[in-house]
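Just below is one structure, and these are the notes that go with it.
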Amino acid sequence: MLNRLLEALLYFPSRVILTTPADVDLVYTDLRFVTEDGVTVNGWWLPTPIAPSRGHILFAHGNGANIGDWILPAALLVAAGFDVMLFDYRGYGHSEGRPTEKGTYFDARAARTALLEQDEVDPDRVLYLGESLGGAVMIELATAYPPAGLILTSTFTSVRDVAKVHFGFIPTRLVPDAYPSLRRIRTLRSPLLMVHGTLDEIVPVSHAHRLFAAAPEPKELHIIERVGHNSLIPEAGTEWVETISAWVTGLGDN
């Protein structure tokens, strides 16, 4: 369990949702679902108007703000023919509670269950997509409930490794081994796509290379030049979604 100080350095939730899918003319359903430890969390189900759907994506966002700040990537995916389930971790947006590492894992499980309950969802075509912190959450979920494919964007190897980059004055032994993605990814049983920017100033691209080297096949790594952590999707969203679309098409060919 993360101590309170590290939690304050890791989670940056906002309770105010500034934008909804309706603001960009996307059809969606606002959902509430209860986690196994009794916390009610909020999610949005965005079905694509394109039939048939190319797959159903469970999207776990990064450590800041809330789902209202992730409309752009969701809209790109919906336009590309994917259904999307966005959800907020506990303590974010309209979700109850306070964020913790274990809690985010529970939240992802509840969101997966809610996704599977939506009309015309095929369990064999469910994909997980995680951005930054969300990548760590989705790796953990994938080891327990393997998806048709796992997509990681700007994902770190572990919180301890990120702390070495940004808080080098803190002795490593004092940093909990939270979100140990490098260790977990070795047991992955799903096809993997990783996307990372060369100028990522928060999670250096070296994290992507280490995760990729540790992951079993089949796997693919796509590096996007000259984009940072928070600029990858705003500046290279078209390349990002085209990479995902091509990779998913390839899954169907195998």
Side-chain angles (χ1 to χ4, degrees), residues 21 24-31 33 43-62 67 70-88 107-132 134-155 185 188-196 211-212 215-222 224 232-233 236-254:
V24 292
D25 298 321
L26 289 175
V27 174
Y28 78 108
T29 303
D30 186 85
L31 301 172
F33 31 90
W44 291 335
W45 172 243
L46 295 85
T48 182
I50 299 172
S53 165
R54 301 187 61 199
H56 326 293
I57 293 179
L58 179 62
F59 191 117
H61 64 68
I67 51 178
W70 295 87
I71 299 297
L72 173 58
L76 290 169
L77 292 165
V78 169
F82 297 100
D83 303 315
V84 177
M85 172 71 80
L86 273 172
F87 70 97
D88 263 332
D107 302 338
R109 282 163 167 71
R112 173 183 175 273
T113 297
L115 183 153
L116 292 172
E117 292 172 349
Q118 303 309 305
D119 292 341
E120 300 183 9
V121 167
D122 179 353
D124 293 331
R125 298 173 61 240
V126 171
L127 305 159
Y128 300 163
L129 193 161
E131 195 276 344
S132 193
V137 174
M138 289 291 99
I139 289 171
E140 196 281 335
L141 184 65
T143 61
Y145 302 95
L150 173 64
I151 304 159
L152 303 178
T153 300
S154 308
T155 297
I185 206 168
L188 188 66
R189 291 171 288 160
S190 303
L192 171 68
L193 170 66
M194 298 185 62
V195 183
H196 214 104
L211 284 169
F212 185 74
E217 296 282 356
K219 58 186 177 180
E220 180 178 326
L221 174 62
H222 185 85
I224 299 181
L232 189 152
I233 293 174
T238 298
E239 182 175 349
W240 176 77
V241 77
E242 287 178 351
T243 299
I244 293 171
S245 296
W247 178 75
V248 171
T249 298
L251 292 180
D253 294 338
N254 294 330

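The shown structure was predicted, so the numbers you read here are calculated from the model rather than taken from an experiment. Along the sequence shown, the residues carry numbers beginning at 1. Below, all heavy atoms of this structure are taken into account, side chains as well, without hydrogens, waters or symmetry copies.
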Looking at residues at least two apart in the chain, or sitting in another chain, which of them share a side-chain contact (heavy atoms from CB on, under 4.5 Å) with Pro47?
Trp45, Asp83

All side-chain contact (heavy atoms from CB on, under 4.5 Å) counterparts of Val27, not counting sequence neighbours
none

Taking side chain to side chain donor-acceptor pair (under 3.5 Å) as the cut-off, I'd like each qualifying pair that reaches into residues 144-155, sequence neighbours left out, listed once.
Thr153-Trp240

Is any side-chain heavy atom of Ile67 less than 4.5 Å from a side-chain heavy atom of Trp44?
yes

Those residues that, when tested against Thr48, pass side-chain hydrogen bond (donor to acceptor under 3.5 Å, both in side chains) (two or more places apart):
none

Residues forming a side-chain contact (heavy atoms from CB on, under 4.5 Å) with Ala110, sequence neighbours excluded
Phe33, Thr35

Name all residues meeting the ring-ring contact (aromatic ring centres under 6.0 Å, His included) criterion together with His196; count only those two or more places apart in sequence or in a different chain, and write none if there are none.
none

Given Leu221, Ile185, Leu129, Leu193, the one that forms side chain to side chain contact (heavy atoms under 4.5 Å, CB included) with Leu152
Ile185

Residue pair Phe212 / Lys219: nearest heavy atoms and the distance that separates them:
O-NZ, 2.7 Å

Result block: side-chain N/O donor-acceptor pairs under 3.5 angstrom for residues 114-121, not counting sequence neighbours:
unit_1, atom_1, unit_2, atom_2, d
Gln118, NE2, Ala114, O, 2.9

Tell me, please, which residues at least two apart from Pro218 pass side-chain contact (heavy atoms from CB on, under 4.5 Å).
Pro191

Listed by chain and number, what are the ring-ring contact (aromatic ring centres under 6.0 Å, His included) partners of Phe87, not counting sequence neighbours?
Tyr89

Applying salt bridge (charged side-chain N to carboxylate O under 4.0 Å, His left out), can you list everything that pairs with Asp30, at least two apart in sequence or on another chain?
Arg32

With sequence neighbours excluded, tell me which residues meet side-chain hydrogen bond (donor to acceptor under 3.5 Å, both in side chains) with Glu242.
none

Check salt bridge (charged side-chain N to carboxylate O under 4.0 Å, His left out) between Glu140 and all other residues, then give those that pass, not counting sequence neighbours.
Arg109

